[in-house]
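Input: a single structure, listed below in structure tokens.
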Amino acid sequence: MIITLSNADRAERPALFDQMFQSRAAVFHDRLGWDVTVENGREMDWYDRQADPVYLLAVDDGQRVLGSLRLLATTGPTMLQSEFKHFFDDDVDVAAPTIWECTRFCVPPVADGAAPNVSNVSAELLIGLCELCLNSGIEFILGVYETPMTRLYARIGWCPEKLAQARPEIGDIQAGIWEANPEVLATMRRRLSARIGVRQIVTA
């Protein structure tokens with residue numbers, strides 16, 4: 001199931017936010033070794049506290065967070081305009097009401113060892129994201145990703161158009177843009193259904 005949240009929901013659904021931020025700490029700090037701030041076992045940054053993000057969470061029937069991502073309007077502050085700007089020699093400062101930035105895409109390890117299928121959870125999140133775009137007038141999603149991730153995006157059925165390659169000393173990282181359209185959504189739904197036999201995406 002896909003759940004859409006904003007900071008206005010923190011008081012009513014604190015357990016989901018806690019799980020999401022704990023998962024981000026486990027993935028980005030503990031596993032990947034990123035230079036992120038972790039406090040009390042939770043990874044949060046300025047955008048979580050001061051911006052107006054939208055979060056998409058993939059959860060199971062027991063309300064366990066299996067994956068999450070964060071969206072920011074490019075008409076406001078984004079990571080590509082600041083933290084990621086120095087990654088690229090090319091100008092990738094894209095801003096428009098119909099373009100939103102996706103960051104903190106996270107599919108965490110599971111404490112009980114019953115790890116979710118990363119590809120399926122990622123597909124659920126991207127399907128939920130494309131549905132949100134089509135329902136909200138968002139035409140494009142902007143993001144920064146490690147180049148090997150393009151293989152996962154290709155399997156799921158929603159590949160970005162490459163905008164820029166990071167400088168070699170930064171790593172094998174790209175900036176890209178995804179176009180949201182009904183054809184892409186249908187492809188992702190079909191491919192996920194073929195893998196799991198039934199589609200279980202519900203927007204809450």
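Every heavy atom of this structure was used, including side-chain atoms; hydrogens, water molecules and symmetry mates were not.
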Rounded to the nearest 0.5 angstrom, the CD1-CZ distance for Ile170 and Phe84 is 11.0 Å
Q. Is the CG atom of Asp30 crowded by more than 12 outside heavy atoms at less than 6.0 Å?
A. yes
For the pair Met44 and Arg49, evaluate side-chain contact (heavy atoms from CB on, under 4.5 Å) and give the outcome as yes or no after the intermediate values.
CA-CA 8 Å; Met44 297 176 62; Arg49 297 184 177 92; 3.8 Å; yes
Could you tell me whether the side chain of Asp172 reaches within less than 4.5 Å of the side chain of Pro148, counting heavy atoms only? yes
Smallest heavy-atom separation, Val121 atom then Leu66 atom, equals CG1-O, 3.6 Å
### Message
Quick check on the hydrophobic clustering: are Trp34 and Val38 connected, directly or via other members, by side-chain heavy-atom contacts under 4.5 Å?
### Response
yes
Looking only at heavy atoms, the pair that brings Ile2 and Glu124 closest together is CD1-O, 3.5 Å
### Query
Taking the six-membered ring for Trp, are Trp178 and Tyr145 parallel (under 30°), tilted (30 to 60°) or perpendicular (over 60°)?
perpendicular
Taking every heavy atom of Val27 against every heavy atom of Cys106, the minimum-distance pair comes out as CG2-SG, 3.6 Å
> Are Ile177 and Leu126 connected in a single hydrophobic cluster, I mean Ile/Leu/Val/Met/Phe/Trp/Tyr linked by side-chain heavy atoms less than 4.5 Å apart?
Replying inline: no
Heavy-atom check, side chain of Ser122 versus side chain of Ile156, under 4.5 Å
yes
- Query: Linking I/L/V/M/F/W/Y whenever any side-chain heavy atoms sit under 4.5 Å apart, do Phe140 and Leu134 land together?
  - Reply: no
With a 6.0 Å cut-off (strictly less than), is the heavy-atom count around CZ of Arg151, excluding the residue itself, greater than 12? no
In short, Leu185 meets Cys130 closest at the heavy-atom pair CB-SG, 3.9 Å
Interatomic distance, CE@Met188 vs CD@Glu131, rounded to 0.5 Å, equals 8.0 Å
Closest non-hydrogen contact found for Ile173 with Phe88 is O-CE2, 4.2 Å
| request: Determine, stepwise, if the pair Trp100 / Leu142 fulfils side-chain contact (heavy atoms from CB on, under 4.5 Å). | output: CA-CA 6 Å; Trp100 283 54; Leu142 186 67; over 6 Å; no
Sub-3.5 Å donor-acceptor pair from the side chain of Arg167 to the main-chain atoms of His86, do we have one?
-> yes
Worksheet item: Is there a side-chain contact between Leu57 and Met20, using heavy atoms and a 4.5 Å cut-off?
Response: yes
The reported gap from CG in Asp35 to CD in Glu83 (rounded to nearest 0.5 angstrom) is 11.0 Å
Between the CD atom in Glu39 and the CZ atom in Phe21, the distance rounded to the nearest 0.5 Å is 12.0 Å
Check whether any side-chain heavy atom of Arg104 sits under 4.5 Å from a side-chain heavy atom of Ser68, and report yes or no. no
Next item on the list: Taking atom types as modelled, find out whether Asp90 and Gln165 have a side-chain donor-acceptor pair closer than 3.5 angstrom.
Entry: no
**Study point:** Check against side-chain contact (heavy atoms from CB on, under 4.5 Å), Arg70 and Asp45
**Key:** CA-CA 12 Å; Arg70 180 179 69 191; Asp45 63 12; 2.8 Å; yes
Checklist entry - Do you see a donor-acceptor pair shorter than 3.5 Å between the side chains of Tyr47 and Glu101? => result no
- Kindly indicate whether the side chain of Ile141, heavy atoms from C-beta on, has any atom under 4.5 Å from the side chain of Ile99. no
(Q) Is it the case that the side chain of Thr150 and the backbone of Thr147 share a donor-acceptor pair, with hydrogens and angles ignored and the cut-off at 3.5 Å? (A) yes
| message | A side-chain contact here means heavy atoms from C-beta on lying under 4.5 Å apart; do Asp48 and Tyr55 qualify? | response | yes
Taken to the nearest 0.5 Å, the spacing of Glu43 CD from Phe28 CZ works out to 7.0 Å
* **Donor-acceptor pair, side chain of Gln81 and main chain of Thr74, under 3.5 angstrom** => yes
- prompt: What about Leu71 and Met149, same hydrophobic cluster or not, with Ile/Leu/Val/Met/Phe/Trp/Tyr joined at side-chain heavy-atom distances under 4.5 Å?
  reply: yes
*asked:* Between Asn120 and Leu192, does the side-chain contact (heavy atoms from CB on, under 4.5 Å) criterion hold? Intermediate values first, please.
replied: CA-CA 7 Å; Asn120 288 355; Leu192 181 58; 3.8 Å; yes
Give a yes or no answer on whether the side chain of Gln19 reaches the backbone of Val65 with a donor-acceptor pair at less than 3.5 Å. yes
* Would a 4.5 Å heavy-atom cut-off, applied to side chains only, mark His29 and Arg42 as touching? -> no
*Contact check, side chains of Leu129 and Leu56, non-hydrogen atoms, under 4.5 Å*: yes
One should read off an interatomic distance between Leu152 CG and Phe105 CZ, to the nearest 0.5 angstrom, of 7.0 Å
On a heavy-atom basis, the closest approach of Leu72 and Pro77 is CD1-O, 4.0 Å
* Any sub-3.5 Å donor-acceptor pair from Asp9's side-chain atoms to Ser6's backbone N or O? -> yes
Only residue of Leu80, Leu163, Val92 satisfying side chain to side chain contact (heavy atoms under 4.5 Å, CB included) with Val144 is Leu80
